[in-house]
Amino acid sequence: MEGSVRVRFAPSPTGFLHIGGLRTALYNYLFAKSHKDGKFILRIEDTDQSRYVEGAEQDIIDSLNWCGMDIDEGPDEGGDFGPYRQSERQEIYNKYAKQLIDEDKAYYAFDTTDEIDQMRERLKKSGNPSPKYDAVTRQSMKNSLTLPQDEVEKKLEAGDEYVVRLKVPRRETIRFEDLIRGHVSFESKGLDDQVLLKSDGMPTYHLANVVDDHLMEISHVIRGEEWLSSTPKHILLYQAFGWEPPQMAHLPLIMSPSGGKLSKRKAEEEGIPVNTKEYIKQHYEPEALVNFLAYLGWSPGDDSEIHSLNELCQLFTLDRVSKGGAVFNHKKLLWYNEHYLREQTNKAIAERLRPIAKTKGVEFPDDEYLQKAISLLKDRVSKIDELLEMGSFFFEDPEEYDEKALKKWKSDSSDLVSQYREKISELEDDEFKAATLKSHLEDVINANDVGFGKLMMPLRIAVTGQGFGPDLFTSMQLLGKETVLERIDTALEKLG
RNA sequence: GCCGCGUUCGUCUAGGGGUUUAGGACGCCGCCCUUUCACGGCGGUAACACGGGUUCAAAUCCCGUACGCGGUACCA
């Protein structure tokens, strides 16, 4: 423990890894790696059997890997503090729960949920706005504090359902120092006697979390703000066990542009992918997501914006994390994505593009051609898969002509395009170069005394099917004489 | 309702008593480059929630209010 940094990312496998969860993981990772020998631990908190989702754990691991976060200890990696799946640690929690009971810091409670509801109803009617199972009410409930000991034993032996609850003190101020928020304090009277062990024998989050963080020698708990109000319960547990609590740091939440926590529904309404898996599927650059997420609630304090994961590890400090919620800005993510895409070599992009093209049924030409096409296209797209749409004409003949672009096809267009076709059809293959193609176009417009666009736009439509795109002459050179002439002929036929 | 945490341009943020005519980035707008669309370059737009204190001086410290968010489970 002596000063070494050990942090954990502790998601529950109840679904695919949420983008907010990914950021929590990232901040944990950055914090760990900003320290010498800091360890980043993955712990799977699968204590709610009813919400368990098949494949969720693998999705979490895949997502972290995709971002480049290496897990030091976890279910797959192992480590000296395993198992790292809470469902496999049940005996440990039982043991510690029993210890608390033996020390009179926790107790068995046999009340059914109905009975608890009734108690709450009753208290509400008598003017208590927020009734709790607490130091006062537990005295009138069915538990090992109120029942005679032999009856408690009989119930336990008979296998009656029970939970174990923490004896939360009646009046106590619980204070702790949050590394992001500073001084935080709560009154114990606002707290329920927390359930530690559920009737199915599984621990609740609170017990499992505290026991594991202690046993795994976690030095810093870095988690979302939604946990801030649970922290006093945890502090109380640490006290009950006589353990030193780890340092706490509660991260601001990621918000939806329309306000509120970025939920699945809200995000989808606003076109924001919510699961990391979606970003992978949609071919976002992992470096972009990482960079973007790091800056969502944190900044290094200078004017820099672009940093790799490794650089972020050097720069990250918890005291520079902001306190207020941060709205997810999809356009900024795309800006980052463009940046990281353009940073890559054409060769690297080509290699990645081939398998993507395959899934979309696009046939690709040889590498040299592909890389040239990419160099013409990559400044014009936000994501790698958009290269396919943007540059579709490099890979197949245009099937139809863009409607908006077609407005530029005027009555004199076919005549001009035909004249141009005549001129370039006489070129040898090795003369079919951008500069030559351009000068021939100039010849035609001069001969007809019209503007450049009068011919260039129709020609662009004929050759690419689009009204925009990379330099037309370079594009034609790459496409080659045969293809260009064919496409012009098709266009003249179709558009008259 | 109660408890807690927040609040600087539309968004992410810098700034933590005088250095500030409040800086950067995304977005948006304009210009240049380009006889396409982008990229790039240059410029512009735009913020200290409100009210009281403290102080010679407050975006910065304190107290209220408002608003937002989170929590209030045998979910994490």
Side-chain angles (χ1 to χ4, degrees), chain A residues 10-15 21 45-48 50-51 86 109 111-113 116 124 128-130 132-133 161-165 178 180-182 184-187 189-192 194-206 208-209 223-233 250 252-253 255 257 259-261 292 295-306 320 322-336 338 342 376-382 390 405 408 438 441-442 445 451-457 459-461 464 466-472 475:
Chain A
S12 88
T14 54
E45 308 224 328
D46 53 350
T47 54
D48 186 352
S50 65
R51 291 208 306 160
Q86 291 187 328
D111 319 270
T112 64
T113 37
I116 294 169
K124 247 182 200 165
N128 183 341
S130 48
K132 287 178 190 58
Y133 201 123
E161 286 211 337
Y162 67 89
V163 299
V164 173
R165 282 181 185 270
D178 187 283
I180 293 168
R181 277 146 224 286
V184 182
S185 73
F186 288 84
E187 299 300 326
K189 67 168 186 268
L191 267 32
D192 265 298
Q194 211 51 53
V195 171
L196 267 21
L197 232 42
K198 301 186 269 191
S199 57
D200 66 358
M202 279 290 190
T204 58
Y205 172 84
H206 307 294
N209 193 263
R223 73 232 298 191
E225 197 190 346
E226 71 267 30
W227 293 110
L228 188 58
S229 28
S230 300
T231 306
K233 302 169 187 172
H250 289 91
L253 262 20
M255 315 292 277
K261 194 155 71 161
F292 169 73
Y295 271 69
L296 206 56
W298 172 86
S299 83
D302 55 23
D303 287 343
S304 65
E305 298 282 343
I306 304 291
R320 297 205 57 88
S322 41
K323 298 178 176 77
V327 175
F328 191 100
N329 184 346
H330 196 225
K331 285 212 168 127
K332 186 143 191 186
L333 204 212
L334 287 175
W335 176 77
Y336 273 116
E338 288 159 11
R342 284 165 200 157
L376 292 174
L377 295 163
K378 78 172 167 185
D379 282 348
R380 283 152 225 273
V381 297
S382 294
M390 185 86 208
K408 299 271 168 90
K438 187 174 182 182
L441 187 136
E442 279 162 349
I445 62 157
F452 200 93
K454 278 283 187 187
L455 174 49
M456 201 198 75
M457 281 315 286
L459 184 60
R460 176 179 286 286
I461 294 163
T464 72
Q466 299 168 337
F468 54 86
D471 180 73
L472 182 57
S475 300

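Below, read A as the first sequence line, B as the second, and so on, with proteins coming before strands; counting in each chain starts at 1. It should be emphasised that the depicted structure is a prediction, and the values quoted were computed from it without experimental measurement.
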Counting Watson-Crick and G-U wobble pairs only, both distances under 3.5 Å, name the nucleotide matched with [N], or none.
N	result
B:U36	none
B:U19	none
B:A14	none
B:U72	B:G1
B:U54	none

Next item on the list: Check the pair A:His250 / A:Val184 against side chain to side chain contact (heavy atoms under 4.5 Å, CB included), numbers first and verdict last.
Entry: CA-CA 11 Å; A:His250 289 91; A:Val184 182; over 6 Å; no

Regarding [X], tell me which of base, sugar-phosphate or nothing describes its non-hydrogen contacts under 4.0 Å with the strands shown.
X	result
A:Thr14	nothing
A:Ser304	nothing
A:Gly301	sugar-phosphate
A:Tyr295	sugar-phosphate
A:Met390	nothing
A:Asn329	base

Which value, in whole Å, describes the distance between the [atom1] atoms of nucleotides [N] and [M]?
N	M	atom1	result
B:C67	B:U54	C1'	26 Å
B:G6	B:U13	C1'	16 Å
B:C37	B:G23	C1'	33 Å

Taking the side chain of [X] as its heavy atoms from C-beta onward, which of [options] lies nearest to it?
X	options	result
A:Glu226	B:C28, B:G70, B:U36	B:G70
A:Arg181	B:U36, B:G70, B:G6	B:G6
A:Ser299	B:A76, B:C69, B:A14	B:A14
A:Tyr205	B:A76, B:U35, B:G4	B:A76

Margin query: For B:C26, is there a stacking contact with A:Trp335, counting only centres under 5.5 Å and planes under 30°?
Written below: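 A stacking contact does not exist, since A:Trp335 is not both close and nearly parallel to the base ring of B:C26.
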
Check: Does the base of B:C74 carry an N or O that pairs as donor and acceptor with the side chain of A:Ser199 under 3.5 Å?
Finding: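 Flag set: donor-acceptor pair detected.
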
